[in-house]
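Keep in mind the model is a prediction, meaning the values are calculated, not measured. One-based numbering along the sequence shown.
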Amino acid sequence: MIKTVRYNAGEPNSTLDRIRSRALDMNQALVAQVGEIVECVRSTGDEALVRFTKQFDDVDLDFHKLRVDPDFIRSTASRADSRVVDAFRIAIANIRAFHERQLESGWELASEHGVVGQRILPVASAGLYVPGGRAAYPSTVVMNTIPAQVAGVKRIAIATPPGSLEHNPTIAAVISELGIEEVYRIGGAQAIAALAFGTPSIPRVDKIIGPGNVYVAIAKKLVFGVVGIDSIAGPTEVVVIADHTADPRFVAADLLAQAEHDEAASSICITTDAALAREVASEVERQLATLDRRSIAAASIERYGAVFVVESIEAGCELTNLIAPEHLELMTENDARAASLIENAGAIFFGPYSSEPVGDYIAGPNHVLPTLGTARFSSALGVHDFIKRQSIIRYSREALSKNADAIATMAEAEGLTAHKRAVLLRTGDVS
């Protein structure tokens with residue numbers, strides 16, 4: 001049963017505290033275990049990949065066949081349901097169109113002091129981790145790949161556990177539709193290490209993206225700095241702000257849509273209407289009984305679900321900013337006004353017909369979003385995650401002369417006399 005709780009700002013609230021306590025399990029023993037895997041791959045390369053694949057996946061991996069033959073990808077893709085593939089083609093077009101609007105251009109600014117500017121360049125290569133099992137979502141392959149392609153990344157490599165493509169031909173179909181041919185049969189922390197450091201069979205990449213279990217998340221954290229990463233993603237979450245105008249069936253359905261992802265997912269309704277709160281709780285119970293993944297959703301709702309009753313929309317938005325949810329749905333009399341009060345949310349869905357799954361699959365904005373409150377300081381995955389910004393400084397002798405005294409004064413104040421000399425030597429003030 002989902003809990004209905006009165007929330008008043010400034011007062012203790014154990015339900016909210018429990019929800020906000022969600023975190024990745026990065027205990028020291030687990031970090032040490034993943035660290036050993038990463039170091040072993042770094043030092044012994046393919047040999048470690050073979051050993052860990054046998055240990056964790058019970059697969060005898062031939063590293064000579066580590067890379068998946070493109071013909072195998074295409075033949076496996078042909079087994080996918082054509083209706084599903086057609087749906088993904090629509091999504092790919094929408095997602096690509098959205099991300100093309102994110103492209104940045106370089107610029108230059110000229111003044112009497114000289115010329116400065118910025119160049120925009122893509123990273124050369126990106127590695128996408130595609131999990132196996134129940135977390136193998138073709139939509140996530142699309143969402144991670146398209147921003148990189150739009151940014152102009154020349155090389156995109158995919159690592160996925162052995163058997164993933166065979167068990168889910170739709171993933172092979174999506175990979176084929178996106179034109180990716182560099183795919184490796186390797187999973188877990190060892191795959192992240194291989195992408196980060198490179199092995200004889202897997203050239204290293206510049207940035208690693210994509211979801212995974214806690215081992216993958218820790219591995220990404222450990223290799224950060226050697227390569228770039230997208231983020232350390234936690235379990236998914238949704239907040240629905242609703243008032244008396246909302247349909248409790250819609251609210252309950254969207255709470256459950258998030259809850260079915262993971263037992264650690266969080267589904268929250270914030271409402272000004274106590275009657276709606278009761279109706280939503282009843283609808284959650286009714287709809288839960290019909291779900292294929294009801295055991296997962298039930299555990300999520302029990303542990304991290306809640307309906308908070310607040311005094312006003314303003315109070316509800318204040319609570320939302322505190323939670324900083326990955327997904328925020330607005331079902332109120334005045335959604336625009338509510339949105340104007342929101343500072344922290346990964347994505348905002350307006351009105352009763354903008355259900356969160358619309359964003360998950362087809363609308364166009366990226367569904368790779370900040371979780372566990374990180375919407376306070378981070379954003380959706382996008383083209384900007386795959387570019388580098390290079391500063392440009394172009395000074396003439398005349399421009400340098402106009403600024404030489406100021407530069408020399410600042411350098412001397414910091415005790416960097418070689419800096420001072422490097423400038424004054426060019427203006428003839430020292431020899």
List, one per line, each side-chain donor-acceptor pair under 3.5 Å for residues 115-132, sequence neighbours excluded.
from : atom 1 : to   : atom 2 : distance (Å)
R119 : NH1    : Q390 : OE1    : 3.0
S125 : OG     : D206 : N      : 3.1
S125 : OG     : D206 : OD2    : 3.2
Y129 : OH     : G188 : N      : 2.8

Note to self: Which residues pass the side chain to side chain contact (heavy atoms under 4.5 Å, CB included) test with A275, not counting sequence neighbours?
What the structure shows: D273, R278

Item checked: By side-chain hydrogen bond (donor to acceptor under 3.5 Å, both in side chains) - contacts of R337 (at least two apart) -> E314

Note to self: I'd like to know if the side chain of Q102 and the backbone of P147 have a donor-acceptor N/O pair within less than 3.5 Å.
What the structure shows: no

Checklist line | For D86, all residues meeting salt bridge (Lys or Arg N to Asp or Glu O under 4.0 Å), sequence neighbours excluded | finding: R89

Check: So, for R6 and N13, which heavy atoms are closest and what is the spacing to 0.1 Å?
Finding: O-ND2, 3.5 Å

Item checked: For F56, all residues meeting ring pair (Phe, Tyr, Trp, His ring centres under 6.0 Å), sequence neighbours excluded -> F52

List, one per line, each side-chain donor-acceptor pair under 3.5 Å for residues 346-365, sequence neighbours excluded.
from : atom 1 : to   : atom 2 : distance (Å)
S354 : OG     : F350 : O      : 2.7
S355 : OG     : D254 : OD1    : 2.9
E356 : OE2    : H327 : NE2    : 3.1

Check: Salt bridge check: are R293 and E263 linked by an N-O gap of less than 4.0 Å?
Finding: no

Next item on the list: Please list, chain by chain and in numerical order, all residues satisfying salt bridge (Lys or Arg N to Asp or Glu O under 4.0 Å) with E182, sequence neighbours excluded.
Entry: R155

Notebook entry, point to check: So, R74 and E181, do they make that salt bridge, N to O below 4.0 Å?
Noted result: yes

Item checked: Pair listing, salt bridge (charged side-chain N to carboxylate O under 4.0 Å, His left out) test, anchored in residues 35-48, at least two apart -> E39-R42

Next item on the list: For residues T15 and K3, report the shortest heavy-atom separation together with the two atoms involved.
Entry: OG1-CD, 4.4 Å

Item checked: Other residues, nucleotides, ligands: >12 heavy atoms within 6.0 Å of F224 CZ -> no

Check: Should V31 and V34 be marked as a side-chain contact (heavy atoms from CB on, under 4.5 Å) after you check the CA-CA gap, both sets of side-chain angles, and the distance that decides it?
Finding: CA-CA 5 Å; V31 172; V34 175; 6.0 Å; no

Next item on the list: Take atom NZ of K65 as the centre, draw a 6.0 Å sphere, and report whether it contains more than 12 heavy atoms from other residues, nucleotides or ligands.
Entry: no

Notebook entry, point to check: Roughly how far, to the nearest 0.5 Å, is the NE2 atom of H99 from the NE2 atom of H384?
Noted result: 8.0 Å

Margin query: Applying salt bridge (charged side-chain N to carboxylate O under 4.0 Å, His left out) as the test, list every pair that has at least one member in residues 163-176; sequence neighbours left out.
Written below: none

Item checked: Residues forming a salt bridge (Lys or Arg N to Asp or Glu O under 4.0 Å) with R389, sequence neighbours excluded -> E104

Next item on the list: State which residues pass salt bridge (Lys or Arg N to Asp or Glu O under 4.0 Å) with D17; sequence neighbours excluded, sorted by chain then number.
Entry: none

Next item on the list: Of all the heavy-atom pairs spanning T76 and L165, show the shortest one and how long it is.
Entry: CG2-O, 3.4 Å

Distance-only criterion, 3.5 Å: show the donor-acceptor pairs between side-chain atoms of residues 207-220 and protein atoms not counting sequence neighbours.
from : atom 1 : to   : atom 2 : distance (Å)
K207 : NZ     : D385 : O      : 2.7
N213 : OD1    : Y215 : N      : 3.0
N213 : OD1    : V216 : N      : 3.0
K220 : NZ     : G210 : O      : 2.8
K220 : NZ     : D230 : OD1    : 2.6
K220 : NZ     : S231 : O      : 3.3

